[in-house]
Amino acid sequence: MLVLPSELTQRQATACLRELMQGLRAEQAPAVVVDATATAVFDSAALAVLLECRRAVLAQGRTFAVQGMPAALAGMAGLYGVDSLLAAAG
(Lines give C-alpha, C1' and ligand atoms only; values in the text may rest on other atoms or scores of the structure.)
Protein backbone atom coordinates (compact mmCIF):
# COMPACT_ATOMS: atom_id res chain seq x y z
CA MET A 1 0.00 0.00 0.00
CA LEU A 2 1.21 3.46 -0.88
CA VAL A 3 0.75 6.24 1.70
CA LEU A 4 0.21 9.96 1.22
CA PRO A 5 1.92 12.35 3.64
CA SER A 6 0.10 14.41 6.27
CA GLU A 7 0.61 17.53 4.14
CA LEU A 8 0.24 17.48 0.36
CA THR A 9 0.16 20.89 -1.25
CA GLN A 10 1.84 22.32 -4.33
CA ARG A 11 5.03 22.58 -2.28
CA GLN A 12 5.22 18.82 -1.63
CA ALA A 13 3.58 17.55 -4.82
CA THR A 14 6.68 16.82 -6.91
CA ALA A 15 8.49 14.98 -4.12
CA CYS A 16 5.37 13.07 -3.15
CA LEU A 17 4.72 11.98 -6.73
CA ARG A 18 8.33 10.86 -7.09
CA GLU A 19 8.01 8.74 -3.93
CA LEU A 20 4.72 7.25 -5.11
CA MET A 21 6.25 6.31 -8.46
CA GLN A 22 9.14 4.62 -6.65
CA GLY A 23 6.62 2.79 -4.50
CA LEU A 24 4.75 1.65 -7.61
CA ARG A 25 7.90 0.03 -8.95
CA ALA A 26 8.23 -1.95 -5.72
CA GLU A 27 4.51 -2.75 -5.43
CA GLN A 28 3.67 -5.87 -7.43
CA ALA A 29 0.03 -6.38 -6.44
CA PRO A 30 -2.55 -6.20 -9.24
CA ALA A 31 -4.59 -3.73 -7.14
CA VAL A 32 -2.81 -0.59 -5.96
CA VAL A 33 -4.27 1.24 -2.97
CA VAL A 34 -3.17 4.68 -1.84
CA ASP A 35 -3.84 5.44 1.82
CA ALA A 36 -4.82 9.09 2.35
CA THR A 37 -5.89 8.66 5.98
CA ALA A 38 -3.09 10.82 7.40
CA THR A 39 -3.50 13.61 4.85
CA ALA A 40 -4.81 16.62 6.77
CA VAL A 41 -3.38 19.62 4.91
CA PHE A 42 -3.83 19.66 1.14
CA ASP A 43 -4.78 21.69 -1.88
CA SER A 44 -5.71 20.79 -5.45
CA ALA A 45 -2.16 19.53 -6.02
CA ALA A 46 -3.15 16.47 -3.96
CA LEU A 47 -5.74 15.63 -6.60
CA ALA A 48 -3.16 16.09 -9.35
CA VAL A 49 -0.80 13.70 -7.57
CA LEU A 50 -3.53 11.09 -7.11
CA LEU A 51 -4.65 11.38 -10.73
CA GLU A 52 -1.10 11.02 -12.05
CA CYS A 53 -0.56 8.01 -9.80
CA ARG A 54 -3.83 6.53 -11.09
CA ARG A 55 -2.73 7.11 -14.69
CA ALA A 56 0.56 5.28 -14.08
CA VAL A 57 -1.19 2.38 -12.35
CA LEU A 58 -3.77 1.94 -15.10
CA ALA A 59 -1.03 2.10 -17.74
CA GLN A 60 0.47 -0.95 -16.05
CA GLY A 61 -2.85 -2.80 -16.35
CA ARG A 62 -3.56 -2.67 -12.63
CA THR A 63 -6.46 -1.25 -10.65
CA PHE A 64 -6.31 1.87 -8.49
CA ALA A 65 -8.20 2.94 -5.38
CA VAL A 66 -7.84 5.47 -2.59
CA GLN A 67 -8.40 4.52 1.06
CA GLY A 68 -9.25 6.98 3.81
CA MET A 69 -9.68 10.06 1.65
CA PRO A 70 -10.58 13.02 3.89
CA ALA A 71 -14.11 14.31 3.31
CA ALA A 72 -12.84 17.74 2.25
CA LEU A 73 -10.52 16.19 -0.35
CA ALA A 74 -13.35 14.00 -1.63
CA GLY A 75 -15.51 17.13 -1.84
CA MET A 76 -12.82 18.90 -3.81
CA ALA A 77 -12.62 15.92 -6.17
CA GLY A 78 -16.37 16.19 -6.67
CA LEU A 79 -16.12 19.91 -7.31
CA TYR A 80 -13.52 19.29 -10.03
CA GLY A 81 -15.51 16.36 -11.43
CA VAL A 82 -12.83 13.74 -10.83
CA ASP A 83 -14.42 11.92 -7.88
CA SER A 84 -15.39 8.94 -10.05
CA LEU A 85 -11.74 8.52 -11.06
CA LEU A 86 -10.60 8.25 -7.45
CA ALA A 87 -12.64 5.27 -6.31
CA ALA A 88 -12.65 4.43 -2.63
CA ALA A 89 -10.99 1.20 -1.58
CA GLY A 90 -13.41 -1.39 -0.30
Side-chain angles (χ1 to χ4, degrees):
M1 179 179 308
L2 304 174
V3 179
L4 292 183
S6 61
E7 184 172 339
L8 181 48
T9 63
Q10 183 64 36
R11 176 175 277 178
Q12 298 87 13
T14 300
C16 179
L17 184 58
R18 186 173 34 251
E19 289 177 21
L20 289 174
M21 294 300 121
Q22 288 174 351
L24 279 179
R25 286 190 284 278
E27 180 75 39
Q28 298 302 315
V32 176
V33 177
V34 175
D35 185 0
T37 305
T39 307
V41 178
F42 52 84
D43 61 17
S44 61
L47 294 177
V49 167
L50 286 169
L51 290 169
E52 181 59 21
C53 186
R54 176 187 182 272
R55 185 203 60 75
V57 168
L58 296 180
Q60 296 173 357
R62 301 194 276 173
T63 61
F64 177 83
V66 180
Q67 170 180 301
M69 186 182 296
L73 185 56
M76 187 185 301
L79 180 66
Y80 285 112
V82 297
D83 51 332
S84 64
L85 300 176
L86 301 174

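Atom set for the values below is all heavy atoms of this structure, side chains included, hydrogens, waters and symmetry mates excluded. Being a predicted model, the structure only gives us computed values, none of them experimental.
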Is there a path of hydrophobic side-chain contacts, each under 4.5 Å between heavy atoms of I/L/V/M/F/W/Y residues, joining [Y] to [X]?
{"X": "V57", "Y": "L17", "value": "yes"}
{"X": "Y80", "Y": "F64", "value": "yes"}
{"X": "L47", "Y": "V33", "value": "no"}

Knowing that exactly one of L8, V34, L85 qualifies, which makes a side-chain contact (heavy atoms from CB on, under 4.5 Å) with L50? V34
When rounded to the nearest 0.5 angstrom, what is the spacing between [atom1] in [X] and [atom2] in [Y]?
{"X": "E27", "Y": "L20", "atom1": "CD", "atom2": "CG", "value": "11.5 Å"}
{"X": "C16", "Y": "M21", "atom1": "SG", "atom2": "CE", "value": "9.0 Å"}
{"X": "R62", "Y": "L24", "atom1": "CZ", "atom2": "CG", "value": "5.5 Å"}

Shortest non-hydrogen contact between [X] and [Y], atoms and distance:
{"X": "L4", "Y": "A38", "result": "O-CB, 4.4 Å"}
{"X": "R25", "Y": "Q28", "result": "O-NE2, 2.9 Å"}
{"X": "P70", "Y": "A36", "result": "CD-O, 3.6 Å"}

Side chains of M76 and F42 in contact at under 4.5 Å (non-hydrogen atoms): yes
Side chain of [X], backbone of [Y]: donor and acceptor closer than 3.5 Å?
{"X": "D35", "Y": "V66", "result": "no"}
{"X": "Q12", "Y": "T9", "result": "yes"}
{"X": "R54", "Y": "L86", "result": "no"}
{"X": "T39", "Y": "S6", "result": "no"}

Would S44 and Q10 count as a side chain to side chain contact (heavy atoms under 4.5 Å, CB included) if you check the C-alpha gap in whole Å, the side-chain angles of each, and the deciding distance to 0.1 Å? CA-CA 8 Å; S44 61; Q10 183 64 36; over 6 Å; no
Side chain to side chain contact (heavy atoms under 4.5 Å, CB included) evaluation trace for L51 with V82: CA-CA 9 Å; L51 290 169; V82 297; 4.0 Å; yes
